[in-house]
Amino acid sequence: MIVRKYKARNMHEAILKIRRELGKDAVIISQRKIRKGGLLGLFSQKIFEVTVTADNSDTRDINDYDTTESIEAFKKAVKHKTHDLERINNEDIIKEVKDMRNMLNNVMQNSIGIGKSKLQLKLENSDLNTSVINNIMREMSTITGDLEDREKLRLVVQNMIRVDHRKLDKTVVLVGPTGVGKTTTIAKLAGKMALVENKKVGLITIDTYRIGAVEQLRTYADIINIPFKVVLNVKDMEKAIESMEDCDVILVDTTGRSSKNKMQISELRTFINKLNTDNIHLVISCTTKNSDIDVIVNGYKQLNYNNVIITKLDETCTYGSILNIENSSSKPISFVTTGQNVPEDIKCMDSDELTKLVLGEDIIC
Ligand SMILES: Nc1nc2c(ncn2[C@@H]2O[C@H](COP(=O)(O)OP(=O)(O)OP(=O)(O)O)[C@@H](O)[C@H]2O)c(=O)[nH]1
Ligand SMILES: [Mg+2]
């Protein structure tokens with residue numbers, strides 16, 4: 001609050017001055033006439049003294065200024081208003097962007113589940129890949145009749161898992177990536193057939209690549225007491241097969257190869273072609289990453305394998321890979337292996353048992 005005195009020749013002049021300086025809201029507190037100038041009271045001039053009060057001179061509206069002042073005041077006011085406006089706008093925009101970002105985050109977080117049924121999420125949790133889940137959902141939608149989803153799912157999965165439990169005879173070859181359990185599985189099969197089924201079994205290995213590979217299989221052959229041959233080239237292969245003519249089953253172990261190495265797989269094919277057999281099993285571990293399953297299954301296709309053997313079921317708690325392998329290879333499952341013990345940890349599971357594993361209703365310990 002300010003209080004000022006103004007002197008003018010008349011009230012009109014005083015009011016103009018006051019309005020110019022203090023704006024239109026200035027309040028006149030008092031006014032009086034006084035004398036100014038002159039000598040000893042002679043020739044003095046009568047003037048008005050006006051006392052006014054106002055809140056603040058800066059509170060003037062731009063209309064209250066005279067022309068020059070008004071332009072300056074206008075510019076100042078516009079500048080202030082623009083700044084205020086910008087500030088408000090920026091704050092609004094920032095708030096708006098923040099809100100949108102939060103909304104987007106929520107949508108993205110929830111989108112994992114958006115549009116997906118409980119069933120789809122359950123299948124994803126079993127490590128089934130997207131294309132298999134889509135196949136399942138499509139097949140389920142074609143089932144008519146008054147069945148619950150659970151029953152439809154079981155039917156579809158059971159139908160998708162094909163098994164082949166024909167008895168092994170003649171020449172049987174196991175192929176597959178390194179370390180999946182080919183040699184151990186051969187030892188299990190040899191042990192079961194020789195000791196339990198009383199079959200005449202012969203063992204051949206063409207795995208001379210890895211140090212110790214030959215000794216590993218020779219040890220099993222010695223324990224089970226069955227003939228064993230090491231094959232170094234295609235010619236040796238023919239001789240080895242001839243020497244085991246009287247065997248009911250000849251089990252052939254091969255070197256573990258990366259499915260990405262086409263040269264190595266072709267080399268293997270030269271040996272396998274000589275065997276002239278339709279008993280070729282691709283061995284693949286249940287713990288294989290989904291993205292690698294297709295690579296392995298397709299990489300080995302040039303060997304024309306007829307079946308798949310899925311190993312290491314004891315090493316996982318979700319069994320979606322069984323169906324992923326089955327779906328990718330389109331070959332029936334002949335055996336699954338469930339541990340390192342020779343010969344007991346090998347099974348011929350039927351599609352019902354495998355379905356239970358895939359759907360998480362059973363577990364291998
Ligand atoms: N947990 C578990 N381990 C297994 C199973 N089958 C094999 N193994 C183990 O896996 C490892 C590799 O087994 P091998 O039989 O040598 O595998 P391979 O495919 O012959 O390996 P390469 O000849 O090097 O290609 C060994 O330690 C086995 O005991 C199984 O069903 N479960
Ligand atoms: Mg081996």
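When reading the values below, keep in mind they use all heavy atoms of this one structure, side chains included, and skip hydrogens, waters and symmetry mates. Both ligands and their constituent atoms are indexed starting at 1 by order of listing. Everything numeric in this text was worked out from a predicted model, so none of it was measured.
- Looking at K312 next to ligand 1, an N or O pair under 3.5 Å apart turns up.
- Taking only nitrogen or oxygen atoms, main chain and side chain alike, Q216 reaches within less than 3.5 Å of ligand 1.
- With a 4.0 Å heavy-atom cut-off, ligand 1 is reached by the side chain of K188 but not by its N, CA, C or O.
- Residues D149 and M140 approach most closely at O-CE, 3.5 Å, considering heavy atoms.
- Here the rule is side-chain contact (heavy atoms from CB on, under 4.5 Å) with I206, and of N233, L268, V234 only L268 fits it.
- T277 and N279 form no side-chain donor-acceptor contact under 3.5 Å, judged by distance and modelled atom types alone.
- Not a single heavy atom of A213 sits under 4.0 Å from any atom of ligand 1.
- Of all protein heavy atoms, the one lying nearest to atom 17 (O) of ligand 1 is G181 N, 3.0 Å.
- V3 belongs to a hydrophobic cluster whose other members, connected by ILVMFWY side-chain contacts under 4.5 Å either directly or through intermediates, are I29.
- In terms of protein heavy-atom proximity, atom 5 (C) of ligand 1 is closest to G339 O, 3.5 Å.
- D164 and N307 are linked by a side-chain donor-acceptor pair at a separation below 3.5 angstrom, with hydrogens and angles left out of the test.
- When non-hydrogen atoms are compared, ligand 1 lies under 4.0 Å from the backbone of K182 as well as from its side chain.
- When only non-hydrogen protein atoms are considered, atom 32 (N) of ligand 1 lies nearest to D314 OD1, 2.8 Å.
- Short contacts between ligand 1 and T178, defined as distances under 4.0 Å to a heavy atom of the residue, involve ligand atoms 25 (O).
- For ligand 1, the atoms closer than 4.0 angstrom to any heavy atom of E315 are 1 (N), 2 (C), 3 (N).
- Checking each of V27, L22, I2 against T53 for a side-chain contact (heavy atoms from CB on, under 4.5 Å) leaves exactly one that passes, namely V27.
- For a distance threshold of 2.8 Å, the protein N, O or S atoms nearer than that to the Mg ion (ligand 2), listed by chain and number, are T183 OG1.
- Minimum interatomic distance between I363 and Y319 (heavy atoms only, all atoms of both residues): CG1-OH, 3.5 Å.
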Would K301 and N298 count as a side chain to side chain donor-acceptor pair (under 3.5 Å) here? Give the steps. CA-CA 5 Å; K301 272 207 170 125; N298 292 323; 3.3 Å; yes
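- Ligand 1 has no nitrogen or oxygen under 3.5 angstrom from a nitrogen or oxygen of T255.
- With Y6 as the fixed residue, the side-chain hydrogen bond (donor to acceptor under 3.5 Å, both in side chains) test singles out one of E49, E13, E21, K17: E21.
- Residues that satisfy the side chain to side chain contact (heavy atoms under 4.5 Å, CB included) test with D248, not counting sequence neighbours, are K199, K200.
- Side-chain contact between T171 and I241 is present, with at least one heavy-atom pair separated by less than 4.5 Å.
- Ligand 1 has no N or O atom lying under 3.5 Å from any N or O atom of L313, backbone or side chain.
- Checked against a 3.5 angstrom limit, the closest N/O atoms of T184 and ligand 1 fall inside it.
- The two residues T311 and S285 come nearest to each other via the heavy atoms OG1-CA, 3.3 Å.
- Panel note: side chain S328, backbone N324; no donor-acceptor pair is recorded below 3.5 Å.
- Listed by chain and residue number, nothing satisfies the salt bridge (Lys or Arg N to Asp or Glu O under 4.0 Å) test with E139 (two or more places apart in sequence, or in another chain).
- For the pair Q340 and ligand 1, the shortest N or O to N or O distance falls below 3.5 Å.
- Looking only at protein heavy atoms, the nearest one to atom 24 (O) of ligand 1 is R210 NE, 2.9 Å.
- The ligand atoms of ligand 1 that sit less than 4.0 angstrom from a heavy atom of G256 are 25 (O).
- Counting protein heavy atoms only, atom 22 (P) of ligand 1 is closest to G179 N, 3.5 Å.
- Across every non-hydrogen atom of L155 and L147, the tightest pair is CD1-CD1, 3.8 Å.
- Of the N or O atoms in T337, one or more lie within a sub-3.5 Å distance of an N or O in ligand 1.
- The proximity of T338 to ligand 1, defined as any non-hydrogen pair under 4.0 Å, is limited to the backbone.
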